[in-house]
Student: 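Please find one structure pasted underneath; my questions will follow.
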Amino acid sequence: MKKRSLNIIYKIVVPAAFIGCFFLIWEIVCLSGKVPAVILPTPKQTFEAFFSRSDQIMKHTGITLAEAFGGLAGGIATGFVLALLMDAFKLCRHGFKPLLVITQTIPTIVIAPLIVLWLGYDIAPKILLVALTTFFPIAIGLSDGYAQTDPDMIDLMRSMGANRLKIFWFVKLPNALPNFFSAMKISTTYAIVGAVISEWVGALGGLGYYILRMQNMYAYDVMFATIFWIILLSLLLLLVLETVKICVIRWNKQEKL
Amino acid sequence: MKLLEVENVTQEYEGTRIIEGVSFSVEKGETVCLIGTSGVGKTTLFQILSGLNVPVEGRVLLNGENVVGATGKVSYMLQKDMLLPFKTIEDNVSLPYRIKGMPRKSAREKVSPYFGQFGIEGTQKKYPGQLSGGMRQRAAFMRTYFFGHELMLLDEPFSALDEITKQEMYAWYVKISKELSLTTLFISHSLEEALTLSDRILVMGGKPGVIKEEIVVERGSEEDFTTTQRFTEYKKRLKSLLLQ
């Protein structure tokens, strides 16, 4: 079989078949009557719930996405500045790394109520919480990318008379781009999850808030539909990111003459 | 007229002397080869000449000016081609102009007419990963040329190439060197390469490394110098010096 056909089978057909099996098993479990329908709706009921409440789900999606993107932008900016400082100054490199690791050992669910307490119920605490969960992969990814730059490449740039800023711009930053995109994949999923969690502890809108409301109303079908929507949303964002990555990192895609 | 004068240069690394009292000079328009066994300090010497490394003793004069520790004074091509994988060949080649602050479009226009002369016409929009070893080497050499300095330092410029491509590159290098009136100091491990390309050969040896001997290569009028008796004699002489 041709390599391309095999690629399609492994990348599309196999995952689709596994997902199909998952839904089939779920449907069979529900239809067997072993689990009460009120606790676990069937996939069919879940899809129906999604379409019947799609206007509500979309309204709350807008709020969650605003929080996620706002926080992600903050996380990227913070991660970028920290990585830059760690690359430029040895003192920052050794000083920041343990602090960065410590920030990641605090569970989001623990810190979220505190942030709400300090900043209130509007969008600001959500953005801060998302930024706190997303800056770490970016900072570490970029910092490693800068550090992995071939020292001979830096020597060559120095021999050309390039200063530190030019070495950073022409060599280190592009060299760190693959790491940046890998970090972005992690941060993007963290951003959505972070926004949803931040809404659980105090919000007036958003998908996290909507899930809690539906849970309290025992509308598990809508709750499940919203959860699947969140998964789909994360996957869509990852797809967009992968497309941007392919457009930006073009040099990896070229074939040898 | 002397372009480069190296006076009594000595370098140490963690208390160990790498090279000691190295002195030589390079005339304008000359091609000089630095040959020696591995670890004798050739690359260290090149790093000193390019300003990347500061010697513990000695001076490096370029057109009479002491350039010890000053980068951006010579055109330096490292052992590997060091093309930036994320830039197209035209952007790699025009990098010296970009570093000087020239906008990308103008830098590309500056290098554009030279692609044919350097034998890589049509590769402008390609990435280094798409080129063969020989073409990458030409691109790296072209970039080194656009540093725009009088002296070119080439650290084993053809070592990564296969034998056929090497022969091709030697002929090409001799031609372009004449066309552009280049002054080159290059490192080589190949006796044949040293004899084919250079006007003079500096043989390095010992620990710490010193210049053991200087050989002036007189090619004569024969069409193919490599088949002459003189070539064989030079080769024998070099071999015995390197084995000492």
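So you know, we letter chains A, B, ... as the sequences are listed, proteins then strands, and number each from 1. Values in this document were obtained by computation on a predicted structure and should not be read as measured data.
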Student: Does a sphere of radius 6.0 Å around NZ in B/Lys2 hold more than 12 heavy atoms from other residues, nucleotides or ligands, not counting ones at 6.0 Å or beyond?
Tutor: no
Student: Atom OG1 of B/Thr144 and atom CE of A/Met160: how far apart are they, to the nearest 0.5 Å?
Tutor: 7.5 Å
Student: Identify the two heavy atoms, one from B/Phe86 and one from A/Phe170, that lie closest to each other, and give their separation to 0.1 Å.
Tutor: CE1-O, 3.3 Å
Student: Side chain, backbone, both or neither: which part of B/Leu49 has a non-hydrogen atom closer than 4.5 Å to chain A?
Tutor: neither
Student: Once rounded to the nearest 0.5 Å, what's the spacing between atom OG1 of B/Thr88 and atom CZ of A/Arg250?
Tutor: 8.5 Å
Student: In Å, rounded to the nearest 0.5 Å, how long is the span from NZ of B/Lys80 to CE of A/Met153?
Tutor: 8.0 Å
Student: CG of A/Leu156 to CG of B/Leu52: how many Å apart, nearest 0.5 Å?
Tutor: 9.0 Å
Student: Might you point out which heavy atoms bring B/Leu78 and A/Asp152 nearest each other, and give the distance in Å?
Tutor: CD2-O, 3.6 Å
Student: Are there over 12 heavy-atom neighbours, none belonging to A/Phe50, within less than 6.0 Å of that residue's CZ?
Tutor: yes
Student: Counting neighbours of CZ on B/Phe186 that are heavy atoms of other residues, nucleotides or ligands and sit closer than 6.0 Å, is the number greater than 12?
Tutor: yes
Student: Where is the tightest heavy-atom contact between A/Lys166 and B/Ile99, given as atom of each residue plus distance?
Tutor: NZ-O, 2.6 Å
Student: Might you confirm whether atom CG of A/Leu99 has over 12 heavy atoms from other residues, nucleotides or ligands at distances under 6.0 Å?
Tutor: yes
Student: What part of A/Asn175 gets closer than 4.5 Å to chain B, counting heavy atoms only: side chain, backbone, both or neither?
Tutor: both
Student: Looking at B/Leu153, B/Val74, B/Leu95, B/Asp91, which one has more heavy-atom pairs under 4.5 Å with chain A than the rest?
Tutor: B/Leu95
Student: Give, as side chain, backbone, both or neither, the part of B/Phe147 having an atom under 4.5 angstrom from any heavy atom of chain A.
Tutor: side chain
Student: Could you check whether atom NZ of B/Lys110 has more than 12 heavy atoms from other residues, nucleotides or ligands sitting under 6.0 Å from it?
Tutor: no
Student: Do other residues, nucleotides or ligands put more than 12 heavy atoms under 6.0 Å from the CZ atom of A/Phe23?
Tutor: yes
Student: Please check if the number of heavy atoms outside A/Leu236 that lie under 6.0 Å from its CG is greater than 12.
Tutor: yes
Student: Any salt bridge (charged side-chain N to carboxylate O under 4.0 Å, His left out) pairs touching residues 74-84 of chain A, not counting sequence neighbours?
Tutor: none
Student: For B/Gln47, is it the side chain, the backbone, both, or neither that has a heavy atom closer than 4.5 Å to a heavy atom of chain A?
Tutor: side chain
Student: Who among B/Pro85, B/Gly51, B/Pro96, B/Ala70 has the most heavy-atom pairs with chain A under 4.5 Å?
Tutor: B/Pro85
Student: Atom NZ of residue position B/Lys87 - does it have more than 12 heavy atoms of other residues, nucleotides or ligands inside 6.0 Å?
Tutor: yes
